[in-house]
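Every number for a ligand or one of its atoms is a count from 1 in the order of the listing.
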Amino acid sequence: MINTTDFFKAQKLDDDLYVITEAGIVHCYLILGREKAILVDAGFGYEDIRSIIRSITDLPVMLVLTHGDPDHSYGSEHFGDIWLCQPDYGQIMGFDTKPERQFAAASGVKFLQENKPEAVERFDSKAFAEKSLLRALTPHFVKDGELFDLGGKTLEVIYTPGHSYGHIMLLDRAKKRLFSGDMICDYAIIFFFESDRNAPFSMALDSWKKIKRLEKDIIDIYSSHGPNPITMEYVDAYIECFSGEFQQNYLKDKPFSIPFLGCGYQHIYKTVNIQYSDKRLEEFLGHKVERAN
Ligand SMILES: [Zn+2]
Ligand SMILES: [Zn+2]
């Protein structure tokens with residue numbers, strides 16, 4: 001029997017693949033080889049995800065992070081050793097502050113209030129906000145094309161900057177599965193707010209084109225948020241959007257704001273749903289953006 005907890009829900013997708021969803025919003029994937037397993041992303045870590053993993057497998061588990069945002073990285077504290085692309089170690093540490101942790105803690109409380117009110121008391125949100133990853137992690141930096149051999153299964157690192165500077169995906173060529181993090185999602189994703197945390201649009205476009213070139217090795221795309229699996233059509237939509245559609249239509253975009261995270265505009269095209277600032281758009285267009293509203 002697979003465990004469930006106040007925050008985590010796990011589902012078997014195949015003999016070698018499980019999805020563990022935290023707080024109804026972040027998908028972490030457990031991929032099993034013969035000798036080892038990989039956990040793709042660790043979630044917020046409101047609880048220790050290892051209790052779920054242990055109900056699925058006894059294999060040693062390596063934690064690989066697609067990127068360093070809190071909803072993927074805070075749970076790293078339960079592992080210590082992490083495999084990720086170098087720039088996103090900075091991303092993890094940049095987000096490991098009290099205000100950011102308080103925001104994440106409040107989101108956890110909100111999830112319980114709405115979904116499992118009897119569990120609110122069990123979650124020590126204050127202690128969660130006080131934690132720090134600074135001395136808790138041992139990073140191992142991975143490079144584009146690097147292979148993880150799990151025994152009878154190999155996963156390949158695909159470097160895909162955009163949503164963050166060090167974003168990576170993992171490709172299982174034998175099963176034609178891509179674990180796409182926050183770069184390919186059926187979900188509203190903050191791609192480019194005013195910060196150094198998001199890479200320029202042009203880098204994201206290059207990443208989507210790179211994934212498109214791997215098309216023959218990909219059928220199912222497992223993302224960190226929203227419905228799964230999704231298909232290469234999502235990648236086509238990103239490429240179409242950023243190859244001209246966005247540049248032509250951004251003036252029709254509506255203002256958008258999220259408390260705490262900031263404000264900007266939201267662009268929707270087919271399955272693409274991006275939240276961005278004009279500063280990042282101007283960088284992409286190479287000229288000033290004048291809006292009537
Ligand atoms: Zn993210
Ligand atoms: Zn995310």
Side-chain angles (χ1 to χ4, degrees), residues 7-9 19-30 39-46 49 63-77 82-97 100-101 103-108 110-111 133 142 157-170 178-201 203-205 207-208 211 221-230 234-235 238 256 258 260-262 264 266-267 271-277 280:
F7 284 101
F8 288 115
K9 224 184 180 160
V19 58
I20 305 173
T21 304
E22 187 185 34
I25 191 169
V26 195
H27 305 307
C28 308
Y29 294 96
L30 183 66
L39 179 69
V40 184
D41 292 330
F44 285 107
Y46 295 131
I49 196 172
L63 173 61
V64 180
L65 300 181
T66 59
H67 65 296
D69 284 351
D71 53 329
H72 302 251
S73 71
Y74 280 174
S76 303
E77 64 155 314
I82 56 171
W83 280 259
L84 78 171
C85 188
Q86 208 163 20
D88 271 44
Y89 190 58
Q91 185 93 335
I92 293 177
M93 292 309 161
F95 275 118
D96 194 35
T97 63
E100 297 280 2
R101 282 197 162 265
F103 180 70
S107 307
K110 190 163 174 273
F111 168 79
L133 291 171
V142 303
V157 173
I158 314 286
Y159 175 53
T160 47
H163 176 65
S164 71
Y165 281 93
H167 191 287
I168 56 168
M169 302 186 195
L170 287 182
L178 180 71
F179 299 89
S180 65
D182 281 7
M183 276 293 288
I184 307 168
C185 279
D186 186 351
Y187 201 76
I189 293 294
I190 299 160
F191 266 98
F192 306 100
F193 268 117
E194 301 200 35
S195 94
D196 294 338
R197 288 171 176 172
N198 301 135
F201 287 109
M203 283 176 89
L205 179 57
S207 292
W208 290 312
I211 295 303
I221 299 177
Y222 292 93
S223 67
S224 299
H225 306 283
N228 283 302
I230 54 176
Y234 283 71
V235 178
Y238 286 118
F256 176 82
I258 307 178
F260 190 77
L261 291 177
Q266 183 162 29
H267 188 76
T271 48
V272 176
N273 187 344
I274 49 158
Q275 297 160 0
Y276 67 96
S277 70
R280 305 316 296 270

For the atoms OD2 of D71 and OD2 of D182, give the angle they form at the Zn ion (ligand 2), rounded to 10 degrees. 150°
Output the distance between atom CG (L178) and atom CD1 (I230), rounded to the nearest 0.5 Å. 9.0 Å
Quick check: does H167 have an N/O/S atom under 2.8 Å of the Zn ion (ligand 1)? no
Need the atom name: nearest N/O/S atom of D69 to the Zn ion (ligand 1). OD2
Only residue of H225, K9, H27 satisfying side chain to side chain donor-acceptor pair (under 3.5 Å) with T21 is H27
At the Zn ion (ligand 2), what is the angle formed between atom NE2 of H72 and atom NE2 of H225, rounded to the nearest 10°? 110°
For W208 and Y238, take the angle between the two ring planes, folded into 0 to 90°, and tell me which bin it lands in: parallel under 30, tilted 30 to 60, perpendicular over 60. parallel
Tell me whether the rings of F44 and Y46 are parallel (<30°), tilted (30 to 60°) or perpendicular (>60°). parallel
Taking side chain as C-beta onward, heavy atoms only, is Y159 less than 4.5 Å from C85? yes
How is the N/O/S atom of H163 that comes nearest to the Zn ion (ligand 1) named? NE2
